Amino acid sequence: MRTITVHASQEYDIYIENGILDACGTILKEATKAQKTAVITDDTVDALYSARVTESLEAAGFEVFKFVFPHGEPSKCSATLNQIYDFLCENSITRTDCLVALGGGVVGDITGFAAATFLRGMDFVQIPTTLLAQVDSSVGGKTAIDLPGGKNLVGAFKQPVCVICDPETLRTLPAEIFSDGMGEVIKYGMIRDAALFDQIAAHDQESITAILEDVIAACISIKRDVVEADEFDTGERMILNFGHTLGHAIESYYHYETYSHGSAVAAGMCMMAAKTCTPEVTERLKKCVQAYNLPTEVPVEMKELVPLCGKDKKRAASQLRFIVCKTIGRAEIHTMPFDSFSLWMEA
Ligand code: NAD
Ligand code: MG
């Protein structure tokens with residue numbers, strides 16, 4: 001088992017091991033004083049993993065309640081959140097109990113936000129079951145729900161009491177959802193870790209399974225380091241956004257329907273590399289992206305995408321901050337007036 005400790009405002013451990021799901025009860029017993037746990041999950045993950053988690057929690061002496069909502073991003077909303085609050089009230093869950101987020105980023109984000117707000121805050125544990133959730137959303141303490149006005153507009157920083165990461169659960173992931181997570185995995189290599197990039201680039205969607213525990217641990221370590229340096233996202237945490245300025249623009253151009261987040265980020269990274277890297281670096285990145293069935297570009301003109309860049313909550317006034325990796329393994333934060341960015345990208 002690999003253990004990665006996060007020294008944030010609350011210190012906690014991330015445990016990574018194939019099959020660790022069956023030990024979640026014993027692990028959680030160490031991390032919380034709770035007697036009761038409420039497992040929050042979606043219908044797909046419920047059918048696959050709830051029974052094992054419940055069994056492990058009960059064997060460790062927890063009383064277990066369960067709330068299941070329909071899978072998918074539309075569930076990450078205030079209506080589901082209110083149902084969760086009602087469910088917690090109906091089952092007399094108190095401040096000293098613990099929520100269990102079992103699922104992908106949608107489950108993790110909404111459960112984390114419920115834990116941050118219900119009774120002004122209670123313990124929660126992340127048990128991420130998608131690649132994206134294991135390497136990204138379950139680490140770092142950002143929780144949120146979406147509003148009709150945009151994604152992640154209401155949220156809180158709330159660190160879990162621990163994260164229990166079982167790479168074996170990824171075996172049931174549909175191929176395109178696995179690829180989606182690989183977009184972020186490749187990003188970690190690009191921004192911080194040339195050796196990790198080499199490792200990923202030497203494999204493809206099929207063969208990477210053999211080294212997944214190592215790869216996931218490497219990604220989590222990078223996210224941990226960045227989060228420790230900037231827990232509340234006021235500076236360095238921004239480097240995690242490599243590929244995301246164009247990526248968000250792509251997602252938004254297609255109304256979040258055509259390209260998944262990881263696909264859009266992959267294309268965004270390649271398009272940014274084409275502007276800032278040597279042809280050799282750009283080619284290596286593109287090859288790697290293709291090996292995981294992700295796109296290297298999108299059929300839209302830059303002048304259509306640029307106006308959509310930075311239209312999220314991270315754009316400060318007329319200045320745009322974006323991330324450049326001139327070489328593999330090193331990211332820089334660049335700031336430019338939005339108008340200059342437009343001219344430069346469209347040139
Ligand atoms: P998701 O939670 O919707 O999961 C994707 C799909 O996979 C769902 O249909 C789910 O039911 C299914 N699934 C999950 N685990 C499975 C398994 N083991 N086997 C088979 N199917 C499984 O989406 P996601 O990609 O995990 O996460 C996306 C969300 O994460 C977005 O809402 C995004 O905003 C959020 N996010 C948050 C952070 C953060 O720092 N908090 C970071 C990145 C992304
Ligand atoms: Mg992302």
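Only this structure's heavy atoms are used, side chains among them; waters, hydrogens and symmetry mates stay out. Given the structure is predicted, the values throughout are model-derived calculations rather than measurements.
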ring-ring contact (aromatic ring centres under 6.0 Å, His included) pairs touching residues 138-177, sequence neighbours excluded, are F157-F232
Qualifying ring-ring contact (aromatic ring centres under 6.0 Å, His included) pairs with a residue from residues 69-102, counting only residues at least two apart or across chains: F67-F87
Using a cut-off of 6.0 Å, state whether more than 12 heavy atoms not belonging to K29 lie near its atom NZ. yes
Q83 atom CD, over 12 foreign heavy atoms within 6.0 Å: yes
Can you tell me how far the [atom1] atom of [X] sits from the [atom2] atom of [Y], to the nearest 0.5 Å?
X: M269; Y: K286; atom1: CE; atom2: NZ; value: 13.0 Å
X: K223; Y: E184; atom1: NZ; atom2: CD; value: 8.0 Å
X: I323; Y: M190; atom1: CD1; atom2: CE; value: 12.5 Å
X: H248; Y: L305; atom1: NE2; atom2: CG; value: 13.5 Å
X: L308; Y: T245; atom1: CG; atom2: OG1; value: 12.0 Å
X: Q134; Y: E213; atom1: CD; atom2: CD; value: 10.0 Å

Less than 4.5 Å apart, any side-chain heavy atom of [X] and any of [Y]?
X: V154; Y: L147; answer: yes
X: K36; Y: C98; answer: no
X: Q290; Y: T296; answer: yes
X: Q199; Y: I208; answer: no
X: V298; Y: M271; answer: yes
X: I4; Y: V163; answer: no
X: L285; Y: I186; answer: yes
X: S179; Y: Q205; answer: yes

Shared hydrophobic cluster, [X] / [Y] (ILVMFWY, side-chain heavy atoms < 4.5 Å):
X: M302; Y: V324; answer: yes
X: I250; Y: L240; answer: yes
X: L119; Y: V100; answer: no
X: V139; Y: I20; answer: no
X: I220; Y: I127; answer: no

Has [X] got a side-chain atom pairing as donor or acceptor with [Y]'s backbone, closer than 3.5 angstrom?
X: T80; Y: S75; value: yes
X: R224; Y: T5; value: yes
X: N241; Y: H244; value: no
X: D180; Y: G262; value: yes
X: N18; Y: E168; value: yes
X: S263; Y: Y259; value: no
X: D146; Y: G150; value: no
X: T278; Y: V281; value: yes
X: T111; Y: V107; value: yes
X: N82; Y: S78; value: yes

For [X] against [Y], the heavy-atom pair lying closest together:
X: S207; Y: D204; answer: N-OD1, 2.9 Å
X: C309; Y: F338; answer: O-CE1, 3.4 Å
X: A101; Y: F124; answer: CB-CD1, 4.5 Å
X: L170; Y: T130; answer: CD2-C, 3.4 Å
X: F178; Y: L131; answer: O-CD2, 3.6 Å
X: C162; Y: I27; answer: SG-CG2, 4.2 Å

Going by the rule side-chain contact (heavy atoms from CB on, under 4.5 Å), which residues pair with P174 if we only count those two or more places apart in sequence or in a different chain? E176, I177
With a 4.0 Å cut-off on N to O distance, would you call [X] and [Y] a salt bridge?
X: K142; Y: D233; result: yes
X: D13; Y: R2; result: no
X: K326; Y: E280; result: no

Under the salt bridge (charged side-chain N to carboxylate O under 4.0 Å, His left out) rule, collect the residues that match up with E73, sequence neighbours excluded. K76, K151
Given salt bridge (Lys or Arg N to Asp or Glu O under 4.0 Å), test D198 with R284 step by step and report yes or no. CA-CA 10 Å; D198 290 346; R284 280 203 77 200; 3.2 Å; yes
Could you go through the side chain to side chain contact (heavy atoms under 4.5 Å, CB included) check for L294 and M182 one step at a time? CA-CA 8 Å; L294 293 164; M182 280 308 300; 4.3 Å; yes
Say whether [X] and [Y], considering side chains only, have a donor N or O and an acceptor N or O under 3.5 Å apart.
X: Y256; Y: E251; value: no
X: S342; Y: D339; value: no
X: S9; Y: E231; value: yes
X: S221; Y: D225; value: no

I would like to know whether V185 and Y292 meet side chain to side chain contact (heavy atoms under 4.5 Å, CB included); could you show each step before the answer? CA-CA 11 Å; V185 170; Y292 295 95; over 6 Å; no
From CA spacing to verdict: side chain to side chain contact (heavy atoms under 4.5 Å, CB included), V306, E346: CA-CA 8 Å; V306 164; E346 289 169 33; 3.7 Å; yes
Less than 6.0 Å separating the ring centroids of F322 and W344? yes
Give me the other members of the hydrophobic cluster that L343 sits in, counting Ile, Leu, Val, Met, Phe, Trp and Tyr linked by side-chain heavy atoms under 4.5 Å, directly or via other members. none
Considering only distance and modelled atom types, tabulate donor-acceptor pairs under 3.5 Å from the side chains of residues 48-64, sequence neighbours left out.
| residue | atom | partner | partner atom | Å |
| --- | --- | --- | --- | --- |
| Y49 | OH | T169 | O | 3.1 |
| Y49 | OH | T172 | OG1 | 2.7 |
| S50 | OG | D46 | OD1 | 2.6 |
| R52 | NE | D22 | OD1 | 2.9 |
| R52 | NH2 | D22 | OD2 | 3.0 |
| T54 | OG1 | S50 | O | 2.8 |
| S56 | OG | D22 | O | 3.0 |
| S56 | OG | C24 | N | 3.3 |
| S56 | OG | G25 | N | 2.8 |

